[in-house]
Protein chains: 2
Amino acid sequence: MDDLAATNRTDGGNGTAGAPAVPGPEGGPAPEGGPLPGGRAQPKTDKSEATRALILETAMRLFQERGYEKTTMRAIATEAGVSVGNAYYYFSAKEFLIQGFYDRMTYEHAADARRRMAHTRDFSERLRIALDSWLDTAAPYHEFSAQFFRTAADPTSSLSPFSNESHPARATAVELFRDVLQGSELAPKLDAELVELLPDVLWLYLMIVVLYWVFDRTPDTERTREFVRRSTPLAARMINLSRYRVFRPIVRDAKGLIQDFILPTIGKAAVK
Amino acid sequence: MDDLAATNRTDGGNGTAGAPAVPGPEGGPAPEGGPLPGGRAQPKTDKSEATRALILETAMRLFQERGYEKTTMRAIATEAGVSVGNAYYYFSAKEFLIQGFYDRMTYEHAADARRRMAHTRDFSERLRIALDSWLDTAAPYHEFSAQFFRTAADPTSSLSPFSNESHPARATAVELFRDVLQGSELAPKLDAELVELLPDVLWLYLMIVVLYWVFDRTPDTERTREFVRRSTPLAARMINLSRYRVFRPIVRDAKGLIQDFILPTIGKAAVK
DNA sequence: GTCTATAGTGGGATAGAC
DNA sequence: GTCTATCCCACTATAGAC
């Protein structure tokens, strides 16, 4: 895995303020992963895990109260009753606090969506429910989502939704969309190859919705909700069209494009 | 090239430490390329504009050499032979340096693309050229594009490509895509309403390519270039399909979606 | 209006003692 | 694992020169 040329190199000497200087697979003792309900690496000790959770909890609370930028590491440490150094022991940069949040939310979303779409087999509706569920789960965090998003957009950051470090959360989300499709009446009618590809594409669709949501300033992000209501039937119809013979060539090309350019980017195959 | 590292250290309590060896630029001929094509506020004086350009030029050079985060405002000021305060006089925050870069690049891209696509009327090829041209124009900045992108992804920032402040540059780019379409043999065959909407959609397509490019770590971003080569014919074919009667309902819905949810977001109409 | 010089402030991140 | 002390830098403030 190639590092970004000079810009990412963390030289030993100075302390560069704003530089993320994301460490690679470092040998540090900090369990960067987090206590995921989905099953992550085991914590070293109970006490360690408790401190870690305390810091994360405190940070999330303060982020909601004052926003990401306005919440200083000093404030988080003070509020959590630990030293700044200790906070950095668990989260080697401020942005790593976000990873914990991201993991947790992904899990909650998947659970909530599965519960809510269980009653229907209509693909369009299942898709809409899955997206709506995300909006509901994320709603409390909309105010600081801008900062969150900013960090996530950095390709050199492990927090990018496309990064290796985000793979577990991404896999959880893709799995949900596989269920959305498989549990619908549409799946059996579709070409098997397409059924294989679609969950990742639907996840990308969610990413677009997230993008829209982040920029949405309407009350209760009503505009994004309307966007979901309007766009899901269209998406369902376009997928449905793929069944007709006339579209075979164009669908074939689209599948090739997805397979060759989208999936590798999100870690589905090693091409390069 | 790192010989200015020493000049970077100025503090220590003594006055006039590391005084700029370079005298003010007032004597020399201004490297001024004229006021920004993007339609910016008029410069107060030539000297002012020259200083502004000098600072921007220096910053871009240092960003390329060391990356965005590693380039300090002190270094930019020192290297440009101005005071830190002066640098802040022109660019009230470090990230505003990026806006200058963005404006300039947009203009260069539009000019280059128009030149290169003049010889053909094939829509697919014109589109490919326009995107290729962007990749060529942006190539020197790929290494620090991550930081650039990170800033651009913040919806609260004026640097977001969707923001009001970015409107001039965005308009320039959309105008280019209008030319891409209008200069092609495809335009007269399409529904007029669609011709009106497509330039903005094509600009969004560019945004997707940019996203892909930012994350692309292959040499010379060959992968993104391949993505463009493969996806432009598909895009052209899909647009072409819209002419057929069968698709009228789906095209109508898609147009509605664009009109109601995409255009307002990028400042094309006041809905809300 | 343009610019220098200097002295801060505050916050992200680190080193090294314990 | 945890702390204290410190670094470095973005950014601000101010006073005054031209």
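Any value given below was found using the heavy atoms of this structure, including those in side chains, with hydrogens, waters and symmetry copies removed.
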Legend entry - For R115(B), salt bridge (Lys or Arg N to Asp or Glu O under 4.0 Å) partners two or more places apart: D112(B)

Legend entry - From dT4(C), dT2(C), dG1(D), nucleotide with atom closest to K47(B) side chain: dT2(C)

Legend entry - d(CG, L62(B); P, dA10(D)) in whole Å: 12 Å

Legend entry - Distance in angstrom units between F91(A) CZ and dT14(C) P, rounded: 15 Å

Inset, instruction - Measure the distance from CG on L97(B) to C1' on dA10(D) and round it to the nearest whole Å. - result: 12 Å

Inset, instruction - To the nearest Å, give me how far apart OH (Y89(A)) and C1' (dA13(C)) are. - result: 17 Å

Inset, instruction - To the nearest 0.5 angstrom, please state how far the NZ atom of K94(B) sits from the CZ atom of F63(B). - result: 5.5 Å

Legend entry - Candidates D132(A), T218(A), D216(A) - the one meeting side chain to side chain donor-acceptor pair (under 3.5 Å) with T224(A): D216(A)

Inset, instruction - Only pairs at least two apart or in different chains count here, so list each salt bridge (Lys or Arg N to Asp or Glu O under 4.0 Å) that has a residue in residues 80-90 of chain A. - result: none

Inset, instruction - If the plane angle is over 60° it's perpendicular, under 30° parallel, otherwise tilted; pick one for F227(A) and Y212(A). - result: parallel

Legend entry - Lys/Arg-Asp/Glu bridge criterion (N-O < 4.0 Å) met for E175(B), R114(B): no

Inset, instruction - Report the distance from atom CD1 of I76(B) to atom P of dA10(D), rounded to the nearest whole Å. - result: 8 Å

Inset, instruction - Using a strict cut-off of less than 4.0 Å between a Lys/Arg side-chain nitrogen and an Asp/Glu carboxylate oxygen, indicate whether R61(B) and E65(B) qualify as a salt bridge. - result: yes

Legend entry - side-chain N/O Y90(B) vs dT2(C) OP1/OP2, d < 4.0 Å: no

Inset, instruction - Give the rounded distance in Å between these two atoms: CG of N86(A) and P of dT14(C). - result: 15 Å

Inset, instruction - With heavy atoms under 4.0 Å as the rule, sort T72(A) into base, sugar-phosphate or nothing. - result: sugar-phosphate

Legend entry - d(CZ, R52(B); P, dG1(C)) in whole Å: 16 Å

Legend entry - Side-chain N or O of S83(A) closer than 4.0 Å to phosphate OP1/OP2 of dT4(D): no

Extract from the structure each pairing of a protein N or O with an N or O of nucleotides 11-18 of chain D at less than 3.5 Å, listing the distance.
{"residue": "dC11(D)", "atom": "OP2", "partner": "Y88(B)", "partner atom": "OH", "Å": "3.3"}
{"residue": "dC11(D)", "atom": "OP2", "partner": "K94(B)", "partner atom": "N", "Å": "2.8"}

